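Lettering follows sequence order; numbering is per chain, from 1. All values derive from a computational prediction rather than experimental measurement.
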Number of protein chains: 2
Amino acid sequence: MKKLINSADSVVTDALRGLAAAHPDLRVDVKNQFVARASGPRRGKVGLVSGGGSGHEPLHAGFVGYGMLDAACPGEIFTSPVPDQVIAASSAVDGGAGVLHVVKNYTGDVLNFGMAAELCADEGVEVATVVVDDDVAVRDSLYTAGRRGTGATVFVEKIAGAAAEAGAPLAEVRRVAEEVNSRSRSFGVALSACTTPAAGVPTFELGDDEVELGIGIHGEPGRTRSAMRGARELVRVAMDALHEDMPLDGDVLVMVNGMGGTPLIELYVAFAEVAAYLEEKGATLSRNLVGDYITSLDMQGFSVTACLLTPELTRLWDAPVQTPALRWGR
Amino acid sequence: MKKLINSADSVVTDALRGLAAAHPDLRVDVKNQFVARASGPRRGKVGLVSGGGSGHEPLHAGFVGYGMLDAACPGEIFTSPVPDQVIAASSAVDGGAGVLHVVKNYTGDVLNFGMAAELCADEGVEVATVVVDDDVAVRDSLYTAGRRGTGATVFVEKIAGAAAEAGAPLAEVRRVAEEVNSRSRSFGVALSACTTPAAGVPTFELGDDEVELGIGIHGEPGRTRSAMRGARELVRVAMDALHEDMPLDGDVLVMVNGMGGTPLIELYVAFAEVAAYLEEKGATLSRNLVGDYITSLDMQGFSVTACLLTPELTRLWDAPVQTPALRWGR
């Protein structure tokens with residue numbers, strides 16, 4: 001195992017130091033392990049806080065900035081942030097209008113954000129929570145009761161972030177976030193396993209001509225293992241899984257996401273097949289992202305996330321955003 | 001070897017179809033194999049055309065758009081574009097003020113762009129050329145007489161693109177491009193080899209605890225092979241190589257670039273070390289990029305590119321840019 005790190009113990013804090021050096025418009029609190037906007041909370045604006053295990057970069061810290069998150073709490077690699085991180089971040093970004101926690105549906109995350117929310121309430125910070133559970137691959141999994149939260153998190157953070165930026169109150173920001181989640185579905189395919197710095201060996205074994213269909217973002221098992229196939233066939237498996245769960249029609253926002261080790265040229269090959277699939281189903285490819293947005297360290301593979309847009313969601317998607325990993329419109 | 005492709009023969013054209021589907025503001029000519037701005041040439045504006053082998057995405061097609069390239073010509077994987085592509089692209093973007101070719105210093109690229117430039121002149125399109133040769137690792141290499149062109153290409157395309165957008169004439173755009181190249185240095189480190197779709201096996205062998213110092217972007221040999229080390233030591237090797245060739249002082253633009261298979265969290269770990277190195281040398285980390293900008297398929301590793309800024313170059317760097325892979329300021 002070769003990793004561009006100093007030590008497995010320091011990888012998260014070392015990366016936070018790098019983030020601080022690269023992005024002066026972020027306030028990186030290495031000690032309390034959270035990342036916020038350097039500009040501080042805006043009075044009367046709902047704060048958006050997310051977080052989760054590290055190893056999925058640019059999620060979440062890469063999405064802190066104007067029009068998206070106010071703060072992110074990175075846990076250790078593939079490990080939930082602790083409540084203290086979430087409390088510190090929530091307090092730091094509260095502008096008096098409350099804070100929305102965007103939580104991916106993993107047992108540890110839900111538990112720790114839940115504890116943090118209670119303690120925030122004790123301190124006078126109003127917290128609402130949206131739990132993202134878009135992954136159609138499996139009903140329960142190693143770390144999850146119910147569906148896992150994956151790619152839709154990016155959509156929720158962008159769209160709810162735009163609503164908060166526009167001045168929507170907490171209940172409304174939560175409603176929008178829940179609507180995005182309820183209209184989004186994801187499915188992932190692994191061509192290789194990933195290796196955590198601490199373990200030093202791949203999280204699972206995958207044969208030279210095998211793929212894992214429905215992979216989780218920590219390498220947890222999907223629906224089935226199958227023989228390696230071409231991009232067209234793999235994309236069809238993923239898109240069929242989405243379409244069977246939520247018929248794809250109307251205006252669709254699609255993300256073809258790389259798992260971290262997949263060359264960008266291959267993601268565009270996959271995106272061409274996604275576009276062809278949507279055309280075949282009569283859906284309109286309205287907006288898209290192609291690239292690495294929610295990764296699994298060095299895993300090779302991809303996921304597809306689709307969201308059925310409404311005029312309101314489209315407008316919020318198009319609103320300006322200025323973060324390290326997503327930016328347009330200003 | 002597992003790749004998310006339909007076939008080794010169709011990977012470039014399949015990816016171009018994906019690019020077309022993802023970016024309606026690009027005109028993707030799959031038949032003539034070039035990518036241009038959908039808005040067409042602007043009368044009186046110098047056109048910027050680049051290109052080179054595919055497998056380095058987002059370079060070059062990901063940099064087509066306002067404030068940067070007018071067109072890109074992707075060759076087959078790790079293979080120079082043919083003159084016909086370059087001629088078609090140059091003709092398509094000529095707004096009557098001439099066209100600058102941005103060429104990385106590889107024998108095939110220099111030859112084919114040179115032939116294209118002569119044929120363009122015959123057709124009445126004035127062409128100037130800048131050859132990028134920033135890689136300090138080796139003097140000559142497998143595919144190069146003189147230094148290889150690598151990360152500085154991104155800086156040249158951004159900064160010369162801004163000059164062209166601002167209305168500078170061809171000679172001036174070329175001067176700026178050459179200034180950026182002359183003030184930039186790069187050095188790359190491979191933790192793993194890459195695998196081309198056609199070959200199906202790694203381009204070279206690298207032991208489990210070895211790294212290649214001074215790697216080329218096609219996997220061509222660097223200065224030396226060494227034992228694997230921590231991020232701090234690897235970054236120091238790279239930064240020392242830059243600093244010995246061009247003392248790093250004043251305002252520096254730095255890119256920490258992933259080779260394609262490197263997790264973003266590791267690039268930020270490396271960037272923290274780059275920032276510490278510059279501070280030690282008394283240089284000012286003025287602007288930066290951290291991410292995958294000039295890749296080598298699935299290779300794991302990184303490169304560092306530094307450019308000694310001037311007030312003019314800083315202003316042009318900060319100018320608005322709107323491309324798939326680089327965007328800010330509007």
Side-chain angles (χ1 to χ4, degrees), chain A residues 1-7 11-12 14-22 54-55 57-58 62 77 189 191-192 208-209 211 228 230-232 234 256 260-276 285 288 290 292 295 297-298 300-302 322 324-325 327-330, chain B residues 1-7 11-12 14-22 54-55 57-58 62 77 189 191-192 208-209 211 228 230-232 234 256 260-276 285 288 290-292 295 297-298 300-302 322 324 327-330:
Chain A
M1 190 231 8
K2 282 178 278 189
K3 301 231 170 246
L4 183 59
I5 61 176
N6 291 312
S7 79
V11 57
V12 173
D14 286 351
L16 284 175
R17 290 189 299 110
L19 201 73
S54 291
E57 289 68 26
I77 300 282
V189 175
L191 274 58
S192 80
D208 277 349
D209 54 2
V211 292
M228 179 61 189
R232 187 162 304 139
L234 291 177
V256 168
T262 309
L264 186 57
I265 193 172
E266 298 181 23
L267 297 182
Y268 276 107
V269 169
F271 189 75
E273 302 305 334
V274 168
L285 177 55
N288 72 83
V290 182
D292 286 4
T295 60
L297 294 168
D298 56 341
Q300 294 196 327
F302 72 103
Q322 291 294 328
R327 53 177 63 212
W328 58 69
R330 267 214 307 197
Chain B
M1 187 231 12
K2 282 178 279 188
K3 301 229 170 250
L4 183 59
I5 61 174
N6 291 311
S7 78
V11 58
V12 173
D14 286 351
L16 284 175
R17 291 189 300 112
L19 202 74
S54 291
E57 290 68 27
I77 300 283
V189 176
L191 275 58
S192 80
D208 276 349
D209 53 2
V211 292
M228 179 61 190
R232 187 162 303 138
L234 292 178
V256 168
T262 308
L264 185 57
I265 192 170
E266 298 180 24
L267 297 181
Y268 275 107
V269 168
F271 188 75
E273 302 305 333
V274 168
L285 176 55
N288 71 83
V290 183
D292 286 4
T295 60
L297 293 169
D298 56 340
Q300 293 196 330
F302 72 103
Q322 292 293 328
R327 53 176 63 212
W328 59 70
R330 267 212 313 195

Trainee: Who pairs with B:D14 by salt bridge (charged side-chain N to carboxylate O under 4.0 Å, His left out), at least two apart in sequence or on another chain?
Mentor: B:R17

Trainee: As an exercise: rank A:G301, A:P263, A:G230, A:A15 by heavy-atom pairs under 4.5 Å with chain B and give me the winner.
Mentor: A:A15

Trainee: Considering only heavy atoms and a distance below 4.5 Å, find which of B:S7, B:A231, B:A272, B:G260 pairs most often with chain A.
Mentor: B:A231

Trainee: What part of A:A22 is in contact with chain B, defined as an atom under 4.5 angstrom from a non-hydrogen atom: side chain, backbone, both or neither?
Mentor: both

Trainee: So how far is it from A:T262 OG1 to B:L4 CG, rounded to the nearest 0.5 Å?
Mentor: 7.0 Å

Trainee: Taking only residues two or more places apart in sequence, or in another chain, which ones meet B:E266 in a salt bridge (charged side-chain N to carboxylate O under 4.0 Å, His left out)?
Mentor: A:K3

Trainee: What heavy-atom pair brings A:S192 and A:Q300 nearest, and what distance separates the two atoms?
Mentor: OG-N, 2.9 Å

Trainee: If we define contacts as heavy-atom pairs under 4.5 Å, which of B:V211, B:I5, B:L297 has the most with chain A?
Mentor: B:I5

Trainee: Under a 4.5 Å heavy-atom cut-off, does chain B meet the side chain of A:I77, its backbone, both or neither?
Mentor: side chain

Trainee: Quick one: which of B:I265, B:D209, B:L19 has the most heavy-atom pairs under 4.5 Å with chain A, could you say?
Mentor: B:I265

Trainee: Looking only at heavy atoms, which two atoms of B:V274 and B:V256 are closest? And how far apart?
Mentor: CG2-CG2, 3.8 Å

Trainee: Just so I understand: if I count every heavy-atom pair under 4.5 Å between each of B:T295, B:L285, B:V290, B:D208 and chain A, which residue has the most?
Mentor: B:D208

Trainee: Looking only at heavy atoms, which two atoms of B:G18 and A:F271 are closest? And how far apart?
Mentor: O-CD2, 3.4 Å

Trainee: Looking at B:A276, B:A20, B:G62, B:G261, which one has more heavy-atom pairs under 4.5 Å with chain A than the rest?
Mentor: B:G261

